[in-house]
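Only heavy atoms go into these numbers, but all of them, side chains included; no hydrogens, no water, no symmetry mates. These numbers were taken from a predicted model, which means no experiment stands behind them.
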Amino acid sequence: MNMAKNMEKIKKVNLKRDFVVFILTHGRVNKQYTYKSLCSQGYTGRCVFVVDNEDSQAEIYKEKYGAENVYVFDKLEMSKRTDEIFRGDRRVIVYARNVCFDIARELGYKYFIELDDDYMYFAWRFNDKYEYATKTPKIKNLDVVFGLMLKYFINSPITSLAMAQGVDFIGGSSNQMLRTIGTKRKAMNSFICSVDRPFQFKGRINEDVNAYTQLTSVGKIFLTTVQCSLHQKITQSNKGGMTDVYNESGTYLKSFSSVIVYPSGVKVTLLNSQHKRLHHHVCWNNVAPKILQEKCRKDE
């Protein structure tokens with residue numbers, strides 16, 4: 001009986017009516033890997049390309065994908081509304097990330113997912129026996145996957161929910177993500193969001209890390225589900241988008257941006273790899289608050 005009542009409380013969503021995929025893109029009208037992956041892996045809902053008015057290919061996007069499926073926003077105006085942390089080249093994604101909340105409201109959608117434009121495929125990381133799948137089979141029905149992720153998001157007090165990234169599973173048997181299906185306290189690259197749970201990305205670069213560290217510290221919840229993952233092209237190999245910005249600024253500015261946003265929870269460290277480079281390191285004991293429910297309080 002209690003189970004039946006709990007099932008009644010679970011909020012449902014119409015994927016076609018309430019949800020939209022935003023593909024954030026710049027200067028890659030003929031390199032839409034994410035769009036191709038979505039179409040070939042069973043997503044049948046609406047996709048909207050989020051393009052800025054400083055993109056010389058904006059009109060070509062409309063011609064190729066339909067004007068109704070391309071939203072061109074004012075990048076300069078969004079830059080005035082965004083905490084950039086430090087000034088520089090505007091060929092960065094943070095403005096598009098923040099404007100998606102406005103676009104969703106304008107288009108009449110309550111829920112959306114932000115995706116980059118360079119995903120080669122989406123894959124399962126665990127099989128039907130809850131075991132880590134070393135061959136990472138491609139997902140065949142993204143409608144079902146997005147629907148389940150959205151249902152979990154809606155029925156939980158989550159600020160944003162993300163898919164894991166392929167690089168999250170590097171490390172073999174020592175990688176905690178390989179041990180069991182679950183969630184991790186972070187969100188990067190893909191973001192399921194709601195217009196009723198708005199938040200702001202900060203920083204010209206590393207905006208995803210900046211968001212989940214600083215906002216987690218004040219009680220917001222960002223999660224990554226490890227059951228499935230997205231797989232991108234190597235950043236420096238895919239011209240356009242933010243590649244040129246990364247090449248020009250290197251990893252130091254990218255990582256130090258997160259230190260500026262939340263200095264007590266992030267530091268810059270040397271990534272322990274064959275080709276050592278500077279990278280951010282999150283001190284989770286300083287990021288995630290340990291808050292007990294009021295019922296646990298003992299009156300003196």
Side-chain angles (χ1 to χ4, degrees), residues 82-86 92-94 97-98 113-116 125 149 153 156-193 197-232 234-235 242 245-246 249-292:
T82 299
D83 185 348
E84 299 175 316
I85 306 302
F86 55 87
V92 291
I93 202 171
V94 64
R97 290 214 186 281
N98 283 332
I113 186 169
E114 297 183 3
L115 301 178
D116 288 1
R125 304 306 306 210
M149 289 180 67
F153 171 79
S156 307
I158 301 172
T159 303
S160 189
L161 178 66
M163 271 190 185
Q165 302 172 92
V167 296
D168 288 330
F169 298 89
I170 293 174
S173 59
S174 63
N175 191 319
Q176 293 183 354
M177 281 195 171
L178 277 63
R179 296 176 184 176
T180 183
I181 295 175
T183 56
K184 300 293 288 186
R185 285 292 295 265
K186 68 171 190 173
M188 297 179 68
N189 211 279
S190 63
F191 295 86
I192 286 183
C193 303
R197 308 177 195 178
F199 63 95
Q200 281 280 308
F201 290 92
K202 295 181 179 180
R204 290 178 51 256
I205 44 183
N206 235 31
E207 78 293 330
D208 43 11
V209 177
N210 300 346
Y212 78 70
T213 52
Q214 191 269 324
L215 293 174
T216 294
S217 74
V218 295
K220 303 295 184 182
I221 301 175
F222 289 79
L223 294 180
T224 288
T225 177
V226 304
Q227 191 163 358
C228 51
S229 61
L230 54 88
H231 296 257
Q232 296 174 271
I234 298 173
T235 303
M242 291 180 63
V245 177
Y246 285 139
S249 64
T251 58
Y252 179 76
L253 282 180
K254 181 176 184 291
S255 300
F256 203 77
S257 171
S258 298
V259 178
I260 295 172
V261 171
Y262 193 56
S264 61
V266 184
K267 63 181 180 180
V268 173
T269 187
L270 200 60
L271 194 65
N272 187 19
S273 63
Q274 184 176 357
H275 303 286
K276 295 186 183 299
R277 60 189 176 93
L278 292 170
H279 200 265
H280 66 266
H281 175 75
V282 178
C283 308
W284 280 103
N285 282 337
N286 299 347
V287 170
K290 286 75 174 174
I291 303 173
L292 296 177

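A pairwise comparison of heavy atoms in Thr224 and Ala187 identifies OG1-CA, 3.6 Å as the closest pair. Of all the heavy atoms in Ala288 and Arg185, the pair that sits closest is CB-NH2, 4.0 Å. Considering every non-hydrogen atom in both Thr180 and Val226, the closest pair reads O-CG2, 3.7 Å.
Pairs passing the salt bridge (charged side-chain N to carboxylate O under 4.0 Å, His left out) check and including a residue from residues 255-265, sequence neighbours excluded, do not occur. Applying the salt bridge (charged side-chain N to carboxylate O under 4.0 Å, His left out) test to residues at least two apart or on different chains, the pairs with a partner in residues 159-168 are Asp168-Lys186.
A search for ring-ring contact (aromatic ring centres under 6.0 Å, His included) contacts involving His280 returns nothing, not counting sequence neighbours. Evaluation of the side chain to side chain contact (heavy atoms under 4.5 Å, CB included) rule for Asp208 yields Met188, Phe191, Asn206 as partners, not counting sequence neighbours. Partners of Asp83 according to the side chain to side chain contact (heavy atoms under 4.5 Å, CB included) rule, which considers only residues two or more places apart in sequence or in another chain, are Ile85, Lys202. Partners of Ser156 according to the side chain to side chain contact (heavy atoms under 4.5 Å, CB included) rule, which considers only residues two or more places apart in sequence or in another chain, are Tyr152, Ile158. Residues forming a side-chain hydrogen bond (donor to acceptor under 3.5 Å, both in side chains) with Ser229 (at least two apart in sequence, or on another chain): Arg125, His231. For Val167, the side chain to side chain contact (heavy atoms under 4.5 Å, CB included) partners at least two apart in sequence or on another chain are Gln165, Ile170. By the side-chain hydrogen bond (donor to acceptor under 3.5 Å, both in side chains) test, Thr183 is found to be paired with no residue, residues two or more places apart in sequence or in another chain being considered. Listed by chain and residue number, nothing satisfies the ring-ring contact (aromatic ring centres under 6.0 Å, His included) test with Phe153 (two or more places apart in sequence, or in another chain).
Checking side-chain atoms of Ser255 against main-chain N and O of Val268 turns up no donor-acceptor pair under 3.5 Å. Here the side chain of Thr213 pairs a donor or acceptor atom with the backbone of Val209 at under 3.5 angstrom.
Rounded to the nearest 0.5 Å, atoms NZ (Lys254) and CD (Glu207) are 8.0 Å apart. Separating the CD1 atom in Ile181 from the CD atom in Gln227 is a distance of 4.0 Å, to the nearest 0.5 Å. Note that OG of Ser160 is 7.5 Å distant from CD of Glu114, once rounded to the nearest 0.5 Å. Note that CD1 of Ile93 and CG of Asp116 are 4.0 Å apart. Values are rounded to the nearest 0.5 Å.
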Next on the checklist: Between Cys283 and Asn286, is the side-chain contact (heavy atoms from CB on, under 4.5 Å) condition met? List the steps.
Outcome noted: CA-CA 6 Å; Cys283 308; Asn286 299 347; 4.1 Å; yes

Item to check | Steps toward side-chain contact (heavy atoms from CB on, under 4.5 Å) verdict (His281, Val266) | outcome: CA-CA 6 Å; His281 175 75; Val266 184; over 6 Å; no

Next on the checklist: As a quick check of understanding, evaluate side-chain contact (heavy atoms from CB on, under 4.5 Å) for Phe201 and Asn210, giving each step before the final call.
Outcome noted: CA-CA 7 Å; Phe201 290 92; Asn210 300 346; over 6 Å; no

Checklist entry - Going through the distances and angles, do Met149 and Thr225 end up as a side-chain contact (heavy atoms from CB on, under 4.5 Å)? => result CA-CA 8 Å; Met149 289 180 67; Thr225 177; 3.9 Å; yes

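Leu230 is listed as a side-chain neighbour of Ser190, based on a closest heavy-atom distance under 4.5 Å.
Using modelled atom types and a 3.5 Å distance limit, the side chains of Gln232 and Asn189 yield a donor-acceptor pair.
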Check residues 216-223 and write down every donor-acceptor pair under 3.5 Å in which the side-chain atom is one partner and the other belongs to a residue at least two apart or another chain.
unit_1	atom_1	unit_2	atom_2	d
Thr216	OG1	Tyr212	O	2.4
Ser217	OG	Gln214	O	2.5

